[in-house]
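Below is one structure, written out as structure tokens, with a few remarks after it.
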Amino acid sequence: MPELPEVEVVRRGLASWVRGRTITGVEILDPRSVRRHAAGPEDLRGNLEGAVVTDVARRGKFLWMPLVEAAAASHGSAPASAASPSRVDDDGVPRLALMAHLGMSGQLLMEDPHLPDEKHLKVRLTLSPAVSGDGTPMPAELRFVDQRIFGGVFLTDLQPTPDGAPGGLSETGLPLIPEEAAHIARDPLDPAFSFDDFYARLRKRKTGIKRALLDQGLISGVGNIYADEALWAAKLHFARPTDTMRRADALRLVESARDVMTRALAAGGTSFDSLYVNVNGASGYFSRSLNAYGREGEPCPRCAALGLSTLIRRDSFMNRSSYSCPVCQPRPRNGRW
DNA sequence: CTACTATCCTGGAAGC
DNA sequence: TGCTTCCAGGATAGTA
């Protein structure tokens, strides 16, 4: 399932394929994948056709593509008709974006039109012709495929960020963000991420550290897999209380999360090169590198290196599974550490 | 306000 | 074999 590294791989791949191209066709094959677009599928289709994608940005696991009208993009000025005055501001900066969230099983694929539809193809965007650096034609279709329909796409307005910093990671770094992503915290790979801010907010929470790690409003990009991996690397139990957490422990945890996600990002980037066509968070291209997640009953690698034969255990937590080493990550007692 | 739970979905695996 | 139940989990609406 896509977490931050997978979404970032998709973002980078998408940016190289779609920037500057016009959306010439929109086909919505399953309205459930656009249910977050309140105005309905026809409104979505009507607004997308003729729009030019200017960038691909990411905040946490949310992706968005700022859009301008084809006329504005080619002439560098607002359209005289003003049919959609909210699309760009006075400086021609896009104020409309196509939002996408991959959810559990979503994929964004660039493909040639002659390829057969995927079983769970939900939305098909046809893009204007373009060629890559070596002169070969780029694929004409951007497909949204999603088996479990937790993800989706919809249109959203872009608003200025409170601090004037880039709203998300992207090629152009516009200081804009969709309202639906404004509450999402920076992720550990974002240059604007502040550990001091994270730690101050963490200490005010009265909950367990894993629940806090999974709270995208506190720190984003961390899902169940990388939460377990970061906790294992930092030797912390998932239930450790946040309000008494030491700074050094929190710092070690964040650096562990950053480290594991950086390595996953590198693996995703090298395994599939720029052909993110094959990006599939569930394919497990990084799974061989996992130390705790999904390894119930297998030896803890760290204990094994010390000659111990501790086995990874699985606990039910938050309606999902938590994997940990009972020796490296002892359960908190009486909330005292 | 904060903390936490239920819910949305599909299909593969496990259980009987 | 064939049916039923369970399980995976990101984000959010709703509840306490």
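Within every chain, numbering begins at 1; the chains are lettered A, B, ... in the order of the sequence lines, protein sequences first and strands thereafter. Just so it is clear, the structure is predicted and the values come from calculations on it, not from any experiment.
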What nitrogen or oxygen pairs link the protein and nucleotides 9-11 of chain B at under 3.5 Å?
residue, atom, partner, partner atom, Å
B/dC9, OP1, A/Arg35, NH1, 3.0
B/dT10, OP1, A/Arg32, NH1, 2.7
B/dT10, OP1, A/Arg32, NH2, 3.2
B/dG11, OP1, A/His120, NE2, 2.9

For A/Leu127, is there any backbone N or O sitting under 3.5 Å from a side-chain donor or acceptor partner on A/Glu141? no
Between A/Arg58 and A/Glu8, is there a side-chain N and carboxylate O pair less than 4.0 Å apart? yes
Ignoring backbone atoms, establish whether A/Lys61 has a side-chain N or O less than 4.0 Å from OP1 or OP2 of C/dA11. yes
In whole Å, I'd like the distance from the CE atom of A/Met318 to the P atom of B/dA3. 12 Å
Rounding to an integer number of Å, can you tell me how far A/Lys204 NZ sits from B/dA3 P? 12 Å
Calculate the interatomic distance between A/Arg320 atom CZ and C/dA8 atom P; express it in whole Å. 9 Å
I want to confirm an ordering. Mapping A/Gly60 and A/Arg314 to their closest nucleotides on DNA chain C, which one lands closer to the 5' end? A/Arg314
What is the distance from CG of A/Leu214 to C1' of B/dA3, rounded to the nearest Å? 14 Å
Identify which nucleotide among B/dA3, C/dA8, C/dA11 has an atom closest to any side-chain atom of A/Arg205, counting heavy atoms from C-beta outward. B/dA3
How close or far is atom C1' of C/dG10 from atom CZ of A/Arg211, stated in whole angstroms? 14 Å
Is the shortest side-chain N to carboxylate O distance from A/Arg124 to A/Asp117 below 4.0 Å? yes
In whole angstrom, give the distance that lies between atom CZ of A/Arg36 and atom P of C/dA11. 10 Å
Establish, with yes or no, whether the OP1 or OP2 oxygen of C/dA8 is under 4.0 angstrom from a side-chain nitrogen or oxygen of A/Ser105. no
Between A/Thr207 and B/dT2, is there a contact of a side-chain N or O with OP1 or OP2 at under 4.0 Å? no
Ring pair (Phe, Tyr, Trp, His ring centres under 6.0 Å) partner of A/Phe238, the single match among A/Tyr323, A/Tyr293, A/Phe317: A/Phe317
Going by an N to O cut-off under 4.0 Å, is there a salt bridge joining A/Lys235 and A/Asp249? no
Just how far, in rounded Å, is P of B/dT2 from CG of A/Asp243? 14 Å
